[in-house]
Amino acid sequence: MASTTPGALPSLLEAGGDDQAPGFSLALDNFSGPFDLLLSLIAKRELDITEVSLSAVTDEFISYLHGLDSGGELDRASEFLVVAATLLDLKVAGLLPQGELVDEGDVALLEARDLLFARLLQYRAFKEAAAWFGEGLERESTRHARVVRLEERFRERTPELVWTLTAQDFAALAALAFAPREIPTVGLDHLHAPLVSIREQAAQVVALLRGGEPLTFRQLIAGIEQRGVVIARFLAVLELLRHAAISFEQVEPLGDLTLTWTAPQWSDESLATLGADYDA
Amino acid sequence: MPEVMSEQAEVEAPGEPATRPVVADIERALEAILMVADEPLPLVSLATAIGAPVPAVRQSIERLVADYDGEDGGPRRGFELREVGGGWRLYVRPEHDAVVADLVLTQNPTRLSQAALETLAVIAYKQPISRGSIASIRAVNVDSVVRTLVGRGLITEAFTDPETGAIHYETTGLLLTQLGINSLDELPPISPLLPDGADGFDDLR
Amino acid sequence: MPEVMSEQAEVEAPGEPATRPVVADIERALEAILMVADEPLPLVSLATAIGAPVPAVRQSIERLVADYDGEDGGPRRGFELREVGGGWRLYVRPEHDAVVADLVLTQNPTRLSQAALETLAVIAYKQPISRGSIASIRAVNVDSVVRTLVGRGLITEAFTDPETGAIHYETTGLLLTQLGINSLDELPPISPLLPDGADGFDDLR
């Protein structure tokens, strides 16, 4: 999994936002300076994310927003939202207990936190790369390559065009060219992970286990790639346990969970109320 | 370019402003301009562009001609500087015509590509139209295709937007001839996709 | 053509096919072709056009570059031969860009927004990549930005995933040209910036 040792961090990160026009800056209890610098410090773990008051950051940001009027600044503002969301995630991970690595959960938590750090770094990396692209495009836009009209004597020698289209063909071609290639939509997937219904997943689990052989949890989630579905299926298993519909056996710590259908009676109504705790 | 310095005297009188380009500089600046000049450029335009007096530019042009012709001890270049229609432009030297003609042939197949045809259709139905607008309808970059169509004489520059500087293109009589119609009015209608779509497509940008 | 290597190459060895171009001829023919080229020409295209072996053409190109740079005792020309976007092309030397800009009506496209640049960077380093994957890295919707980049010709559709129907995008040769680089290898290394390499991040989706 991603490990972000401070030593491995590139000097690029230290550049902070120097290359940019002064943007959003902060005056917090324990930090004062540009937002970019705050990010760098957190990424380098020189500032503990848990000690940063996100509500203070947000307050400052909102007052910063009020003073904005140009598109470029708005660009930077939307960028803040991206990073703020990541920071929030980081903070959640940071606030959770650390200590001895006792169980899988803790390991997963740490891994998740590293992933978030990685994500923050990745975000910064592409931002740095974008600056390089911007400079390159800018530099080259002033260059002039030789692009001149072909000399008359060569133009005359270009082969005669073979034209086979009728006016009708041509119109059909136009219709094709004008037809929207895709219906423009504003995707919202990035705002929320697709909702996964625990109830639906429970129904799947029931269908798989009921009246059949015991299955391991690994088998229950075989072939499922979406993390959300795996989690929902796990929660469904917990719910079914709570309803005493299934029992489980784990031979050794961290070993496979074997699930067996135990409910003497089970109706689809039982399913209907299951997972209600998770409904928002 | 120390050896050039001695010849500076030919142009610059003593006491001339130091900012005025020296001979060698004029030649290099001329080379730069000629490299991108589409049309033959009159001496006066060249002189204005580089801010040098016309006689100096004339002299520099003459030296460049000799230079490219290999009369200065250098090679006889594959290109030459010629005066055509009152202006100067770089041309392929005739002995290389065959090689260049071959290349032009391979770069201009006898049939238009699908992309070129679709772009042509877009221009035909929405002319006059800028490259940017074509690109947003086609959702691809159309610079080289537009160049091909202009080269083929199927479209031509209609006007340049004075505000944006964007060149707007329109189709030519050659397209009508190829399609066997007499005027653009005879283009088959492509409603219902187009009528009210004209504005809508612009929004897609 | 082993003689190409030697100084005497201009003299054809007995028995050589008379049609095969000699070194100096290759350089002159290249000059002629470069005069009419409107896009970067790869070595292979140049070699095909002239009918000379690629190594000989490569060598001739190198000599031309040095020649125009003034390393052969001649003047440092107002133009230069650059390898950009996978091919060779004549450019105005940067110090003359200002003079040329006044004369040539070039339409500089509007600058890309910060969001567009960052999206471009993501695509450049992770191509081919779907819009969904870009969005998950950028954590914002990228539809309109991707459309802009396609319209500019900087990226293009590489393929459509047969299962998901997701269009995957890749960068174009035009991007290389507009960045002034010759291949994607010249992008600054970014992997050290991505702690766990590319793989780990896919999990974030």
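So that the names make sense, note that chain A is the first sequence line, chain B the second, and so on, each numbered from 1. Keep in mind that this is a model prediction, so the values were computed, not measured.
When side chains are defined from C-beta on, A:S141 does not count as touching C:Q178, because their heavy atoms never get closer than 4.5 Å.
Only the backbone of C:A37 comes within less than 4.5 Å of a heavy atom in chain A; its side chain stays farther off. Only the backbone of C:R93 comes within less than 4.5 Å of a heavy atom of chain A; no side-chain atom from C-beta onward does. Within the 4.5 angstrom heavy-atom criterion, only side-chain atoms of C:I181, from C-beta onward, approach chain A. The contact between C:T177 and chain A is made entirely by backbone atoms, counting heavy-atom distances below 4.5 Å. Only the side chain of A:R139 comes within contact range of chain C, judged by heavy atoms closer than 4.5 Å.
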Legend entry - Stepwise side-chain contact (heavy atoms from CB on, under 4.5 Å) check, A:H144 with C:D97: CA-CA 7 Å; A:H144 298 275; C:D97 276 341; 3.4 Å; yes
Inset, instruction - Please lay out, stage by stage, how A:E128 and C:E118 fare under the test side-chain contact (heavy atoms from CB on, under 4.5 Å). - result: CA-CA 9 Å; A:E128 299 292 345; C:E118 286 176 20; over 6 Å; no
Legend entry - Criterion side-chain contact (heavy atoms from CB on, under 4.5 Å) on A:L137 and C:L120, from CA distance to verdict: CA-CA 12 Å; A:L137 294 171; C:L120 187 57; 4.3 Å; yes
Legend entry - Residue pair C:L175, A:F133: steps toward the side-chain contact (heavy atoms from CB on, under 4.5 Å) verdict: CA-CA 10 Å; C:L175 171 69; A:F133 277 79; 4.2 Å; yes
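Between atom CD of residue A:E138 and atom CG of residue C:L179 there is a gap of 12.0 Å, rounded to the nearest 0.5 Å. In this structure, CG in C:L176 is found 11.0 Å from CD in A:E140, a value given to the nearest 0.5 Å.
By the 6.0 Å contact criterion, CZ on A:F217 is enclosed, its count of non-hydrogen atoms from other residues, nucleotides or ligands being greater than 12.
The aromatic rings of A:F126 and C:Y125 sit tilted relative to each other, their planes meeting at an angle between 30° and 60°.
In this structure a side-chain-to-backbone donor-acceptor pair under 3.5 Å is present from A:R143 to C:V92.
For the options C:V142, C:L90, C:D38, C:L154, heavy-atom pairs under 4.5 Å to chain A are most numerous at C:L90.
Under 4.0 Å is where a charged nitrogen must lie from a carboxylate oxygen, and between C:E39 and A:R146 no such pair does.
Taking each heavy atom of C:A121 and A:A129 in turn, the nearest pair found is CB-CB, 3.9 Å.
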